[in-house]
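Below is one structure, written out as structure tokens; comments come after it.
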Amino acid sequence: MTDTTAFDWRSFLLRWSAEWADSLPEDEMRGVDDEAAREARWLGFPPASEERIAAMEERLGRRMPPSYRAFLAVTDGWRHAGGFVWLLAGTESAHWHANASGLAYTFDEYLDEDAGSEERREADIWRRGLQLDVESDATYVLMDPEDVDEDGEWAVYTWASWRAMPPERHASFAAFMRDVYREFHSLRSHGGAEEPVFVNDTTRTLDAQLEEARVEALGGGWERAVAALDEAKGYGRPRAAGLGDQIRRLLGQTYMVHFDGLATDPRYASELLPALIAEHAAHSYRGDAGLTFHLRGADEDVVSLAHAMLDRMRNGTYRYTAAEPFGEAVERARESARWGDTDGAWRTLIDAMPLWEPLGPDHLAPLGWVADPVLGPLLTPERGRELLSTPRGGQSGDTPSRSAGLDPGGLAWLADPDPGNNRTSYRFVLVEGVEPEDLPGRLADTDGDRDGDRDGSVLSAPMTCWEARQAWLRGRSEFSSYDDRALMAVGRAGADWSFAFDGAPAPFDTRRFVSPAASAAAGTRAVVAWSGLRTRHGEPFFHLSVARDGAELYSFTYADGEVRSSGETPAALDPGRFFGDPEDGAGAERSLLEALAEQFGARLPRHALVNGRLHTFVTRSWTRPPGDGEMYTVLRVG
């Protein structure tokens, strides 16, 4: 619903006219009408009488909407409605467009058979709309007599061929005029060097509100702040877009977020450039022209910094740093995140936010961390809101409620279908009382260089599962049907356990499978689990083996509808509880994983494994070498 009764057209139009007149350069060449408007400080015309408005309505066959009628009663037309409509119609020149432009045919061509009402309105407006533009820069202004609200207001649609977008809708004529008034302000605020300084009561009020919004944002009131910043941005006020973009980026938005020159300011480049460059690096399939766009106006030092950041991001070595004491929390958060504890890492960051200090008056929050390969995956829209709601930079305010953790705990989440339904089989090793970096010494293939592969005893830099697998495959030159070395991500599986996890294992070979549990359990306990209960290929299966001090304690394998076991399995893990009916193999997965988590007190971090970056290494083969008479295939590449 639009509020037109309280709108003071005369005060609004007088303020607009005065600001327009004051913004004109003294030496600018102007036509007679514009010069007269400047001297009179009035962009309008004499008011239209009620008789004149009624005659217009009789000519057009429709009563005009309230806000347009009220406008005509103050001025019968308008000059310079924004930057691209030079003359707006009054009672004599408003007329039905009747597809005079032929644009209805153009828009019809783009309609699908199942096009909705909104798309059809964009085509039909050219047939039924009332045209208000008289002189313009190829810009149309049409009021739609069939898009009417409960107050009788007609929506206004504007369109220009050079904008190459659907018509823009304004809720009413009053809303349209306020929008083009903002457009006038925005264009004047971004004028060239020859333009006069554009300062008036409106800009002073907006700038004061912007400064209040900045302080409020630092105090955690980001929702009110962003509304004020967006309003100031609509008027083209300096700083508004750069401040608002910082909030939008922490909400997970990347489209049209540029920080409006702040990223190339040497004071802020270390915090704002990384977010832009990381987005560029992720999508720069056709070169670095986009980076040049982001760096326009930057000095040589900032350009060099940007290219150095880009190189580090592409090779995975970029690390976000910050001034102490917040910087110390950043390092502790990274240490937690690189071993899979992303919830703990986030808590470390958010608890340290009151210690964070801005780099200058236009800095609202730490942002460089979103480009860090280990810390960046911590961000979600919910966590962004939590950060923005946390007082910082010396401001006080209410501490927000904590956002929910992303890891459900335990192991049962592995039984849930992943978004792409790709995780149908997986295997993991749990080792008690050792650090994740010690796992390669217990499980690794230390002879990986025999075929150009990397030495499995060396952990990779943190990578996503996809990145790690691509890097591993690029280095391999030999593939065999008997060799089952696993590329495994590592991290902490709770207070007392470390894990190695493979989310895309090779097919399970029941004849030649060799559990790595015993070798992993030197001086401690180790658990090996391999699930294929939802596999798309072959029969469902599940293997569990537990070892202590280098010797297997017990194991069982469910495959081909039956269970084979050895040793004394605890009652809680008795395979008979889960695989009593061969038809229930897939349904047993969740309850079995829940029993494993309770038995050993271990968990696997879902967010880190699915969305984060972890260290990886290559294990020894999970299958024995082929015996006499057993056939196998070796493929060598290159």
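In this text, all values refer to a predicted model and were calculated from it rather than measured experimentally.
- Formation of a donor-acceptor pair under 3.5 Å by the Asp151 side chain with backbone atoms of Glu153 is not found in this model.
- A distance of 8.5 Å separates CD of Glu39 from CZ of Arg30, quoted to the nearest 0.5 Å.
- Screening Phe176, Phe173, Phe12 for a ring pair (Phe, Tyr, Trp, His ring centres under 6.0 Å) involving Phe71 leaves a single residue, Phe173.
- Inter-residue side-chain proximity for Val180 and Phe84 is flagged as unmet; no heavy-atom pair is nearer than 4.5 Å.
- For the ring-ring contact (aromatic ring centres under 6.0 Å, His included) test, residues two or more places apart in sequence or in another chain that qualify with His258 are Phe293, His294.
- For Arg41 and Glu19, the salt-bridge test fails: no basic side-chain N is under 4.0 Å from an acidic carboxylate O.
- In this structure, a donor-acceptor pair under 3.5 Å is absent between the side chains of His185 and Ser189.
- Side-chain atoms of Thr75 come within 3.5 Å of backbone N or O of Phe45 as a donor-acceptor pair.
- Asp299 is linked by a salt bridge (charged side-chain N to carboxylate O under 4.0 Å, His left out) to nothing, counting only residues two or more places apart in sequence or in another chain.
- With sequence neighbours excluded, the residues that form a side chain to side chain contact (heavy atoms under 4.5 Å, CB included) with Ala333 are Ala345, Thr348, Leu349, Leu375.
- In this structure, the ring of Tyr68 has its center no less than 6.0 angstrom from the ring center of Trp9.
- Taking the charged nitrogens against the carboxylate oxygens, Asp201 and Arg204 do have a contact shorter than 4.0 Å, which makes a salt bridge.
- Sorted by first then second residue, the side-chain hydrogen bond (donor to acceptor under 3.5 Å, both in side chains) pairs that include residues 352-361, not counting sequence neighbours, number zero.
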For Trp369 and Phe326: C-alpha separation, side-chain torsions, deciding distance, then whether ring-ring contact (aromatic ring centres under 6.0 Å, His included) applies. CA-CA 12 Å; Trp369 64 272; Phe326 181 70; 9.0 Å; no
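- Contacts of Thr106 classified as side chain to side chain contact (heavy atoms under 4.5 Å, CB included), with partners at least two apart in sequence or in another chain: Leu103, Tyr110.
- A salt bridge links Asp351 to Arg402: at least one charged side-chain nitrogen sits closer than 4.0 Å to a carboxylate oxygen.
- With values rounded to the nearest 0.5 angstrom, Leu276 atom CG is found 9.0 Å from Leu291 atom CG.
- Taking CG from Asp8 and CG from Leu13, the interatomic distance works out to 9.0 Å, rounded to the nearest 0.5 Å.
- In this structure, Arg392 contributes its side chain and Thr390 its backbone to a donor-acceptor pair below 3.5 Å.
- Trp222 meets the ring-ring contact (aromatic ring centres under 6.0 Å, His included) test with no other residue; sequence neighbours excluded.
- The distance from the CG atom of Leu388 to the CG atom of Leu218 is 10.5 Å, given to the nearest 0.5 Å.
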From CA spacing to verdict: side-chain contact (heavy atoms from CB on, under 4.5 Å), Leu206, Leu210: CA-CA 6 Å; Leu206 288 166; Leu210 186 151; over 6 Å; no
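- Under the rule for a side chain to side chain contact (heavy atoms under 4.5 Å, CB included), the partners of Thr380 that lie at least two apart in sequence or sit in another chain are Glu382, Arg383, Leu406.
- Although no hydrogens or angles enter the test, the distance criterion places a donor-acceptor pair under 3.5 Å between the side chain of Asp133 and the main chain of Val141.
- Residues Leu273 and Tyr268 are not in side-chain contact: their nearest non-hydrogen atoms beyond the backbone lie 4.5 Å or more apart.
- Residue-environment remark: CZ (Arg10) stays at or below the threshold of 12 foreign heavy atoms within 6.0 Å.
- From His80, atom NE2 reaches atom CH2 of Trp86 across 9.5 Å, with rounding to the nearest 0.5 Å.
- At least one donor-acceptor pair under 3.5 Å links the side chain of Ser389 to the backbone N or O of Arg385.
- In this structure, the side chains of Ser23 and Phe184 come closer than 4.5 Å at one or more pairs of heavy atoms.
- Sorted by first and then second residue, the salt bridge (charged side-chain N to carboxylate O under 4.0 Å, His left out) pairs with a member in residues 240-250 read Asp230-Arg248, Asp245-Arg248; sequence neighbours excluded.
- Residues Glu135 and Leu88 have side chains not in contact (no heavy-atom distance under 4.5 Å, counting atoms from C-beta outward).
- A salt bridge between Asp22 and Arg188 is absent, with no side-chain N of the basic residue lying under 4.0 Å from a carboxylate O of the acidic one.
- When side chains are defined from C-beta on, Val215 does not count as touching Glu212, because their heavy atoms never get closer than 4.5 Å.
- Shortest non-hydrogen contact noted between Val85 and Ser136 is CA-CB, 4.0 Å.
- For the side-chain hydrogen bond (donor to acceptor under 3.5 Å, both in side chains) condition, the pairs that include at least one residue of residues 54-66, sequence neighbours left out, are Glu57-Arg69.
- Taking each heavy atom of Gly612 and Pro377 in turn, the nearest pair found is CA-CB, 3.8 Å.
- Side-chain atoms of Tyr181 and Thr202 form a donor-acceptor pair, as typed in the model, at a separation below 3.5 Å.
- Residues Trp126 and His97 bring their aromatic ring centres within 6.0 Å.
- The shortest side-chain heavy-atom distance between Tyr157 and Asp147 falls under the 4.5 Å cut-off.
- Scored by the side chain to side chain contact (heavy atoms under 4.5 Å, CB included) test, Thr205 finds Gln209 as partners (sequence neighbours excluded).
- Inter-residue side-chain proximity for Ser17 and Trp42 is flagged as met; some heavy-atom pair is nearer than 4.5 Å.
- Panel note: side chain Thr264, backbone Gly261; a donor-acceptor pair is recorded below 3.5 Å.
- A donor-acceptor contact closer than 3.5 angstrom links the side chains of Trp346 and Glu386.
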Under the side-chain contact (heavy atoms from CB on, under 4.5 Å) rule, what do Leu142 and Val156 come out as? Steps first, then yes or no, please. CA-CA 6 Å; Leu142 274 66; Val156 175; over 6 Å; no
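- When only modelled atom types and interatomic distance are considered, His607 and Asp407 share no side-chain donor-acceptor pair under 3.5 Å.
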What's the verdict on salt bridge (Lys or Arg N to Asp or Glu O under 4.0 Å) for Asp108 and Arg127, showing C-alpha distance, side-chain angles and the deciding distance? CA-CA 11 Å; Asp108 280 340; Arg127 296 184 175 93; 2.5 Å; yes
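- A donor-acceptor contact shorter than 3.5 Å links the side chain of Glu271 to the backbone of Gly368.
- Note that the CD1 atom of Ile350 and the OG atom of Ser403 stand 7.0 Å from one another [nearest 0.5 Å].
- Residues Leu130 and Trp154 meet the side-chain proximity criterion, which asks for heavy atoms closer than 4.5 Å.
- Note on residues 358-377: pairs passing salt bridge (charged side-chain N to carboxylate O under 4.0 Å, His left out), not counting sequence neighbours, are Arg239-Asp362, Arg334-Asp372.
- Contacts classified as salt bridge (charged side-chain N to carboxylate O under 4.0 Å, His left out) and involving residues 72-86 (residues at least two apart or in different chains) are given here: Arg52-Asp76.
- Across all their heavy atoms, Ala94 and Leu60 have their closest contact at O-CD2, 4.0 Å.
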